[in-house]
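Written below as structure tokens is the structure these notes are about.
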Amino acid sequence: MQQTRTSERTMKNKTTVERTSDRELVVTRAFNAPAHIVFEAWTKPDLLKRWWAPKSFGVTLFECEQDLRTGGTYRFAFGRDAKNPEVFSGRYIEVTPPSRLVLTQLYERISEVGEAVVTASFKESAGRTHLTLSQLFPSKEALEGALASGMEHGMRVTLDQLDELVDSMR
Amino acid sequence: MNTETLAALGEPNRLRIIELLRAGPRPVNDIRGRLGLRQSQASQHLKVLKDVGLVEIEPRAQQRFYRLRPQPLKQLHKWLDRYRHLWEERFEQLDEIVEELAQKEKSDAADKNK
């Protein structure tokens, strides 16, 4: 049983997370499908509702309204309680299927922090898609604040460096 | 865990100090010498690391040795890991949908060719 789980894990595409500057976090991941399919899953509300809220965190994406075109707006309401949801809202700066999606993102509960700019780029090669997801915060403090709230995190050191450090301390 | 700890680690020389101390406690002169830092620089960095609880001082004979405190780093690691885990879980759910869409596209294409 343990063996099976381990081999499944090694089959997974690896997710990397890195802080590339004071106010930017970058996540990368590959998918075993062409870019137009990954882009579709990123942009259709009924599909977004099935993946965007991680199940083990106990949260649900309740509402997903969007006007998917340059200048169009969107609103995601999610959380544990539909009556008192967390809300991300913003507008699309660029919508270029199937390769690029750029949008602003405001966390409404702490809107005074300002908008982040999220850029998702989908590069297809040999039938697979490489996603690079960048989140550019309005300030270093905004990134660190988001981090402190538990949603985001950041530092110059990559996770792999930290993995190594922590392993050596066990 | 707090943002001060993150900021403390964001400075390259402080990260080098942390890496050096993984090998064991060292006196300030040794740290300074190995990393090529000026006395004042080394003291300043060590003070920052001590203030956020990443290092502690251990008196030995006439010297003050600096020792790594792994607890904040372990906490930090847990925190960073949670963020990566958030995206990993999203992406696993996304994998299922992507596979489903790809299968559907294949079978639609096969139907067309009939």
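What you see is a predicted model, and the numbers here were worked out from it, not measured in a lab. Here is how names work: the chains are called A, B, and so on, in the same order as the sequence lines, proteins then strands, and each is numbered from 1.
- For the 3.5 Å distance criterion, the side chains of E94(A) and T96(A) qualify, holding a donor opposite an acceptor.
- Atom CZ of R60(B) sits in a crowded spot, with more than 12 heavy atoms from other residues, nucleotides or ligands closer than 6.0 Å.
- Note: the hydrophobic cluster containing L106(A) does not contain L68(A) (ILVMFWY, side chain heavy atoms under 4.5 Å, direct or indirect links).
- Using modelled atom types, no side-chain atom of Q66(A) and backbone atom of Y74(A) make a donor-acceptor pair closer than 3.5 Å.
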Please list, one pair per line, the donor and acceptor atoms closer than 3.5 Å that link side chains of residues 27-35 of chain B to other protein atoms, with sequence neighbours excluded.
{"residue": "D30(B)", "atom": "OD2", "partner": "R26(B)", "partner atom": "NH1", "Å": "2.9"}
{"residue": "D30(B)", "atom": "OD2", "partner": "R34(B)", "partner atom": "NE", "Å": "3.3"}

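- Paired with F88(A) under the rule ring-ring contact (aromatic ring centres under 6.0 Å, His included), one option of F62(A), F76(A), Y107(A) passes, and it is Y107(A).
- Neither the backbone nor the side chain of E99(B) comes within contact range of chain A; no heavy atom of the residue lies under 4.5 Å from a heavy atom of that chain.
- When ring centroids are compared, F31(A) and F91(B) come within the 6.0 Å threshold.
- Residue with the most contacts toward chain A among L101(B), V98(B), L94(B): L94(B) (heavy-atom pairs, distance under 4.5 Å).
- The contact list for residues 33-46 of chain A toward chain B, using heavy atoms and a distance under 4.5 Å, reads A33(A), H36(A), I37(A), V38(A), E40(A), A41(A), W42(A) by residue number.
- Between the side chains of S134(A) and T119(A), no donor-acceptor pair is found at a separation under 3.5 Å.
- Looking at E100(B), the atoms closer than 4.5 Å to chain A (heavy atoms on both sides) all sit in the side chain, from C-beta outward.
- Contact annotation for L48(A): neither backbone nor side-chain heavy atoms come within less than 4.5 Å of a heavy atom of chain B.
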